Amino acid sequence: MRVKEMVGGERRETGRIDVLPVMAGPTRGGGGGDDRDGRGIGTGIVTKTRPKTKKPSLYKVLILNDDYTPMEFVVHVLEKFFHKSETEATQIMLHVHHKGYGIVGTFTRDEAETKASQVMDYSKQYGHPLKCTAEPEGFSG
Ligand code: TYC
């Protein structure tokens, strides 16, 4: 039975319900009556429902090289949107400058798409063509 489907949440419920037996001891007195099954009153099986959860799929955020965005601006973007230190931001920027692209971080789909849009909107505001994309983890083309 399908219960709930959420896109991009922290942890996604997949819809199946687990029924867990829970230990239950006698609830009254100490070994008094009988509930016709010989085990005494209050010894039935208690069940508890627990929705099965699944980790959300992850997305990589990449930045792409271009010939026009200033290096200092790329470093600034990595500090501002991805909380990189100046040293790490500079290393990532140089990697992208030489290799053409680089992974900046891994996020839920929603976070990754939001970061990519924020970076491109911000860069555009400053007149730079910096491109940033969100790709599913494991995607290689
Ligand atoms: N290639 C750019 C330059 O020489 C610098 C740059 C680095 C641009 C990384 C984009 O994602 C980028 N000014």
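Values in this document were obtained by computation on a predicted structure and should not be read as measured data. Both counts, for ligands and for their atoms, begin at 1 and track the order of listing.
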K60 and P136 have their tightest heavy-atom pair at CE-O, 4.0 Å
For ligand 1, is any non-hydrogen atom under 4.0 Å from L130's backbone (N, CA, C, O), its side chain (CB onward), both, or neither? side chain
Do Y68 and ligand 1 have an N or O pair less than 3.5 Å apart? no
Of all the non-hydrogen atoms in the protein, which one sits nearest to atom 2 (C) of ligand 1, and at what distance? D66 O, 3.2 Å
Between E111 (side chain only) and T108 (backbone N and O only), is there a donor and an acceptor less than 3.5 Å apart? yes
Without swapping roles, check the side chain of K115 against the backbone of F81 for a donor-acceptor pair under 3.5 Å. yes
Beyond-backbone contact of V74 with I63, side-chain heavy atoms, under 4.5 angstrom: yes
Counting from 1 in the order shown, the ligand 1 atoms closer than 4.0 Å to a non-hydrogen atom of V96 are 9 (C), 11 (O), 12 (C)
How far is atom 4 (O) of ligand 1 from its nearest protein heavy atom, and which residue and atom is that? H97 CE1, 3.1 Å
For this output row, return yes or no: ring centroids of H76 and Y122 closer than 6.0 angstrom. yes
Is there a donor-acceptor pair closer than 3.5 Å between any side-chain N or O of K84 and the backbone N or O of V104? yes
Shortest reach to atom 11 (O) of ligand 1 by a heavy atom, considering only V74, V104, L64: L64
What's the shortest distance from atom 8 (C) of ligand 1 to any protein heavy atom, and which residue and atom give it? N65 OD1, 3.5 Å
By number and element, which atoms of ligand 1 are closer than 4.0 Å to a non-hydrogen atom of I63? 11 (O)
Counting only heavy atoms not in E86, do more than 12 sit closer than 6.0 Å to its CD atom? no
Write out the residue and atom name of the closest protein heavy atom to atom 5 (C) of ligand 1, then the distance separating them to 0.1 Å. T69 O, 3.4 Å
